[in-house]
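Notes for the one structure printed next.
Throughout, numbering of the chain's residues begins at 1 and tracks the sequence. Predicted model only: the values in this text are computed from it and were never measured.
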Amino acid sequence: MTSAAAGRLMLLDSASLYFRAFFGVPDQRKDPSEPPTNALRGFLDMIASLLTTHQPTHFVACWDNDWRPQFRVDAIPTYKTHRLIDGSLEEEQTPDYLAPQVPVIRDALQALGLVRLGADGYEADDVIGTLTARHKGAMAVDVVTGDRDLFQLVDDAAQVRIIYTARGGVRDSDLVDEAFLRTKYGVANGPAYADMAVLRGDASDGLPGVAGIGEKTAAKLIERYGSLNALRAALADGDPELKGAQRARLEAGAAYLEVAPKVVEVAPDAPVPDVDLALPTEVADPVLLSRIASEFGVTSSFNRVLSALRLE
């Protein structure tokens with residue numbers, strides 16, 4: 001196994017976590033004219049918990065500079081269309097009380113000195129994929145997300161795993177490694193998961209999949225042929241094992257299978273700045289931190305993060 005002597009890099013799927021915080025943390029305001037803070041408080045508390053539990057040495061809050069990149073829409077026009085605001089081709093539906101908290105979350109990260117990175121024209125998933133490709137092997141990598149799309153990055157040999165929050169949250173998360181993928185999905189590794197996901201599709205992202213090919217069948221096909229490319233080659237070569245309704249379904253989905261990997265696979269080479277990702281050794285902007293803590297009543301949440309960073 002690759003040595004992780006250089007440390008452990010934690011990559012946050014930021015929107016995944018602050019959406020979860022918004023819906024999971026009660027809105028404690030007594031006066032609706034006060035600014036909402038539940039997503040901000042929950043997000044900071046999640047960071048404190050993650051830092052304490054997993055002890056990373058390096059950290060990035062990965063950001064959606066573009067939540068619906070054009071290259072994915074060009075490949076599959078239905079990509080995330082159900083999340084668009086009615087009448088818009090660009091703006092995502094965001095709960096009214098969450099939207100004003102996002103800039104404050106960004107400022108809180110800046111004040112603490114925690115690195116936040118995005119890339120124009122790319123999603124946070126692509127930032128995560130790029131940073132994983134850039135640093136795996138040199139450091140162990142923990143990807144924190146509620147989005148199973150990122151299971152494709154799992155790599156035991158390079159010590160890349162997913163801290164999956166969709167079921168148990170940050171405190172009772174699933175640690176997704178290759179054994180988890182084999183047990184839960186019947187696929188051997190991260191790339192096999194991506195291939196299976198292409199076949200299966202994902203209604204939550206507007207990806208139709210191959211009609212009539214469910215998750216179990218998709219996994220069996222990838223296990224049998226080793227990869228989606230090998231499956232498509234076998235289909236084109238008339239493999240007699242592919243017959244009847246299954247062959248007909250795959251042939252009907254040929255155009256989809258040509259373009260879907262461009263949508264499902266995260267970019268390993270997005271233009272993400274190459275900066276120092278080490279945890280801060282001091283508060284970056286005490287004045288900004290104090291202002292946010294006072295204005296939004298999140299002193300306790302900030303203190304928990306500072307304690308986890310040993311910056312008290």
Report yes or no: does S49 contribute a side-chain atom to a donor-acceptor pair with the main-chain N or O of D45 at less than 3.5 Å? no
Answer yes if L153 and L175 sit in the same cluster of Ile, Leu, Val, Met, Phe, Trp and Tyr residues linked by side chain heavy atoms under 4.5 Å apart, and no otherwise. no
Ignoring hydrogens and geometry, is there a side-chain-to-backbone donor-acceptor pair from T130 to A267 under 3.5 Å? yes
Just verifying a value: how many Å separate D120 CG and D66 CG, rounded to the nearest 0.5 Å? 8.5 Å
Answer yes or no: is there a side-chain heavy-atom contact under 4.5 Å between L221 and L242? yes
Within the 4.5 Å heavy-atom criterion, are P35 and P100 side-chain neighbours or not? no
Smallest heavy-atom separation, A260 atom then V198 atom, equals CB-CG1, 3.6 Å
How close do V263 and A75 get, heavy atom to heavy atom, and via which atoms? CG2-CB, 3.7 Å
So, do Q159 and M139 sit near enough that their side-chain heavy atoms are less than 4.5 Å apart? no
R171 CZ: over 12 foreign heavy atoms closer than 6.0 Å: no
Which residue pairs satisfy the salt bridge (charged side-chain N to carboxylate O under 4.0 Å, His left out) criterion with at least one member in residues 48-59, sequence neighbours excluded? none
Do M10 and V60 share a hydrophobic cluster (ILVMFWY, side-chain heavy atoms under 4.5 Å, transitive)? no
Have S227 and D195 got a donor and an acceptor in their side chains that come within less than 3.5 Å? no
Less than 4.5 Å apart, any side-chain heavy atom of E295 and any of V104? no
When you measure from the side chain of K80 to the backbone of W67, do you find a donor-acceptor pair of N or O atoms at a distance under 3.5 Å? yes
Shortest non-hydrogen contact from P56 to L51? CG-CD2, 3.6 Å
At what distance, to the nearest 0.5 angstrom, does OG of S301 lie from CD1 of I47? 10.5 Å
Criterion salt bridge (Lys or Arg N to Asp or Glu O under 4.0 Å) on E123 and R72, from CA distance to verdict: CA-CA 10 Å; E123 300 177 59; R72 291 195 167 100; 2.9 Å; yes
State, with a plain yes or no, whether a side-chain heavy atom of Y225 is found less than 4.5 Å away from one of E241. yes
Within the side chain of S307, is there an N or O that forms a donor-acceptor pair under 3.5 Å with the backbone of N303? no
For T78, is there any backbone N or O sitting under 3.5 Å from a side-chain donor or acceptor partner on T81? yes
If you take the centroid of each ring, where Trp contributes its six-membered ring, are Y97 and F22 closer together than 6.0 Å? no
How long is the span from the CG atom in D125 to the CG atom in D13, to the nearest 0.5 Å? 5.5 Å
Sub-6.0 Å ring centroid separation between Y122 and F71: yes
Please give me the minimum heavy-atom distance between A133 and P268, naming the atom from each residue. CB-O, 3.8 Å
Measure from the side-chain N and O atoms of Q152 to the backbone N and O of G190, and report whether any donor-acceptor pair falls under 3.5 Å. no
Out of R167, R161, R148, K184, which residue meets the salt bridge (charged side-chain N to carboxylate O under 4.0 Å, His left out) rule with D174? R167
Connected via hydrophobic side-chain network under 4.5 Å: L98 and L44: yes
Going by side chain to side chain contact (heavy atoms under 4.5 Å, CB included), V283 matches just one of L306, L112, L309. Which one? L306
Do the side chains of V170 and F151 join up, straight or via other hydrophobic residues, at under 4.5 Å, putting them in one cluster? no
Roughly how far, to the nearest 0.5 Å, is the CE atom of M196 from the CD atom of E215? 4.5 Å
Yes or no on side-chain contact (heavy atoms from CB on, under 4.5 Å) for D142 and L11, after CA distance, side-chain angles and deciding distance? CA-CA 6 Å; D142 285 342; L11 302 173; over 6 Å; no
Quick one: does any side-chain atom of S14 pair with a main-chain N or O of C62 as donor and acceptor, under 3.5 Å? yes
Is a donor on one side and an acceptor on the other found under 3.5 Å between the side chain of R83 and the backbone of S204? yes
Shortest non-hydrogen contact between G206 and P208, atoms and distance: O-CD, 3.6 Å
Sub-4.5 Å side-chain heavy-atom contact between L257 and L228: yes
Is there a donor-acceptor contact under 3.5 Å from the side chain of D237 to the main chain of A234? no
Do Q101 and N38 have side-chain atoms, one donor and one acceptor, less than 3.5 Å apart? yes
Pairs satisfying side-chain hydrogen bond (donor to acceptor under 3.5 Å, both in side chains), at least one member in residues 259-287, at least two apart: none
Give a yes or no on whether the backbone of L235 and the side-chain of R247 come within a donor-acceptor separation of less than 3.5 Å. yes
Hydrophobic clustering (ILVMFWY, side-chain heavy atoms < 4.5 Å, transitive) - are I222 and Y256 grouped together? yes
Rounded distance (nearest 0.5 Å) linking atom OH of Y164 with atom OG of S16: 8.5 Å
I'd like to know whether R8 forms a side-chain contact (heavy atoms from CB on, under 4.5 Å) with Q55, so could you lay out the CA-CA distance, the side-chain angles of the two residues, the decisive distance to 0.1 Å, and finally the verdict. CA-CA 8 Å; R8 179 172 297 276; Q55 297 288 303; over 6 Å; no
Under 30°, 30 to 60°, or over 60°: which ring-plane class applies to Y185 and F180, parallel, tilted or perpendicular? tilted
Are any of the side-chain heavy atoms of V160 and V154 separated by less than 4.5 Å? no
Using the rule given for side-chain contact (heavy atoms from CB on, under 4.5 Å), can you reason through T57 versus L279, listing the C-alpha separation, both sets of side-chain angles and the distance that settles it, and then say yes or no? CA-CA 6 Å; T57 56; L279 289 176; 5.6 Å; no
Are the side chains of L277 and L117 in contact, using a 4.5 Å heavy-atom criterion? yes
Indicate whether any N or O donor in one side chain lies under 3.5 Å from an N or O acceptor in the other, for T145 and D147. no
Distance from L12 atom CG to I163 atom CD1, nearest 0.5 Å? 8.5 Å
Would you name the heavy atoms of V272 and A119 that are closest together and state the gap between them? CG2-CB, 4.2 Å
In terms of the angle between their ring planes, are W63 and Y18 parallel, tilted or perpendicular, with boundaries placed at 30° and 60°? tilted
Take D149 and D205 through the test side-chain contact (heavy atoms from CB on, under 4.5 Å) and record every step on the way to the result. CA-CA 10 Å; D149 289 348; D205 279 340; 2.9 Å; yes
